[in-house]
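Because the structure is a prediction, the values reported are computed rather than measured.
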Amino acid sequence: MKAFRNGITQILNVLAGISFLAMVILTCWQVLTRYVFQNPSTWSEELVSYLFAWMSLLGASLVTCERGHMNIPIVVEQFSKPVQKGLNCLGELIAFLFSAAILVFGGVQITALAMGQMTSSLGVPIGIFYVVLPLCGILNMIYTVLNMIDIIQDQTEKEAA
């Protein structure tokens with residue numbers, strides 16, 4: 001189970017890193033074309049905005065992996081260990097349901113709708129850039145299930161690392 005989680009996490013780290021590197025390169029290209037060549041590159045600006053969305057959503061999945069999403073530990077810590085486990089599992093269940101409903105279901109719907117629309121500068125279907133929504137939703141769902149298994153087996157983040 002740990003190998004599976006680590007494998008997905010490594011892939012996400014690489015994808016988020018590539019996104020960030022591409023954004024830096026494209027932004028430098030845009031500055032160069034605008035101020036040095038006096039002919040701004042429109043496609044690079046558009047691509048950077050889409051890459052930013054991808055990087056943000058991939059990063060959110062990484063946060064889900066680490067159980068770094070919103071919680072109020074000072075409240076949970078007031079209860080006994082079994083109740084803490086239950087509340088932590090409830091938090092993961094809520095994150096799972098959000099991912100299933102909003103990111104996967106809603107993401108599939110918006111991706112399908114946007115496939116008929118083209119980007120202004122790149123000339124590719126906008127839906128291609130929306131594919132990250134259901135993808136990250138599925139990743140979040142996998143991570144929340146793995147997190148619930150860890151909570152039930154009483155593993156902390158330090159033990160899992």
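- The SG atom of Cys28 sits 11.5 Å away from atom CE of Met23, with the distance rounded to the nearest 0.5 Å.
- Partners of Ile18 according to the side chain to side chain contact (heavy atoms under 4.5 Å, CB included) rule, which considers only residues two or more places apart in sequence or in another chain, are Val14.
- Hydrophobic clustering (side-chain heavy atoms under 4.5 Å, transitive across Ile, Leu, Val, Met, Phe, Trp, Tyr) keeps Val31 apart from Val36.
- Cluster membership for Ile11 and Ile138, using ILVMFWY side-chain heavy atoms within less than 4.5 angstrom, is shared.
- Counting heavy atoms from C-beta outward, Tyr143 and Leu12 have side chains that approach closer than 4.5 Å.
- The nearest pair of heavy atoms linking Pro134 to Val108 is CB-CG2, 3.9 Å.
- Salt bridge status for Lys2 with Asp150: absent, with no side-chain N to carboxylate O gap under 4.0 Å.
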Apply the test side-chain contact (heavy atoms from CB on, under 4.5 Å) to residues Leu51 and Phe129: give CA-CA distance (whole Å), side-chain angles for both, the deciding distance (0.1 Å), then the verdict.
-> CA-CA 8 Å; Leu51 286 173; Phe129 297 107; over 6 Å; no
Could you walk me through whether Leu62 and Leu58 pass the side-chain contact (heavy atoms from CB on, under 4.5 Å) test, one step at a time?
-> CA-CA 6 Å; Leu62 287 168; Leu58 293 172; 5.8 Å; no
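- Using a 4.5 Å cut-off between side-chain heavy atoms of Ile, Leu, Val, Met, Phe, Trp and Tyr, with links allowed through other members, Met148 and Ile142 fall into different hydrophobic clusters.
- Sorted by first and then second residue, the side chain to side chain donor-acceptor pair (under 3.5 Å) pairs with a member in residues 50-61 read Ser61-Asn140; sequence neighbours excluded.
- Ile128 has its side chain within reach of Met115: a pair of non-hydrogen atoms, C-beta onward, lies under 4.5 Å apart.
- In this structure, the side chains of Trp43 and Trp29 come closer than 4.5 Å at one or more pairs of heavy atoms.
- Between Ser44 and Gln30, the shortest heavy-atom distance links the atoms OG-CB, 3.6 Å.
- Put simply, Val24 and Leu47 are part of the same group of oily side chains (I, L, V, M, F, W, Y) that touch within less than 4.5 Å, one to the next.
- In the hydrophobic clustering of ILVMFWY residues, with side-chain heavy atoms under 4.5 Å counting as a link, Leu15 and Leu139 come out together.
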Table please: side-chain donor-acceptor pairs of residues 85-102 below 3.5 Å, with sequence neighbours left out.
residue, atom, partner, partner atom, Å
Lys85, NZ, Ile152, O, 3.1
Asn88, ND2, Gln84, O, 3.2
Glu92, OE1, Asn147, ND2, 3.2
Glu92, OE2, Arg67, NE, 3.1
Glu92, OE2, His69, NE2, 3.1
Ser99, OG, Ala95, O, 3.0

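- Contact of the Cys65 side chain with the Arg5 side chain is registered, since non-hydrogen atoms from C-beta on lie closer than 4.5 Å.
- Listed by first then second residue, pairs satisfying ring-ring contact (aromatic ring centres under 6.0 Å, His included) with a partner in residues 74-93 number zero, not counting sequence neighbours.
- The main-chain N or O of Ser41 is never found under 3.5 Å from a side-chain atom of Glu45 such that the two would form a donor-acceptor pair.
- Pairs of residues two or more places apart, or lying in two chains, that qualify as side chain to side chain donor-acceptor pair (under 3.5 Å) and include a residue from residues 115-137 are Thr42-Ser121, Glu46-Ser120.
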Report the C-alpha distance between Val104 and Met141 in whole Å, list the side-chain angles of each, state the deciding distance to 0.1 Å, and finish with yes or no for side-chain contact (heavy atoms from CB on, under 4.5 Å).
-> CA-CA 9 Å; Val104 176; Met141 291 167 63; 3.7 Å; yes
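- Of the possible donor and acceptor atoms, none in the side chain of Arg34 sits under 3.5 Å from a partner among the backbone N and O of Asn39.
- Considering OG1 of Thr27 and CG of Leu32, their distance stands at 12.5 Å, rounded to 0.5 Å.
- The side chain to side chain donor-acceptor pair (under 3.5 Å) test applied to Gln109 returns no partner, not counting sequence neighbours.
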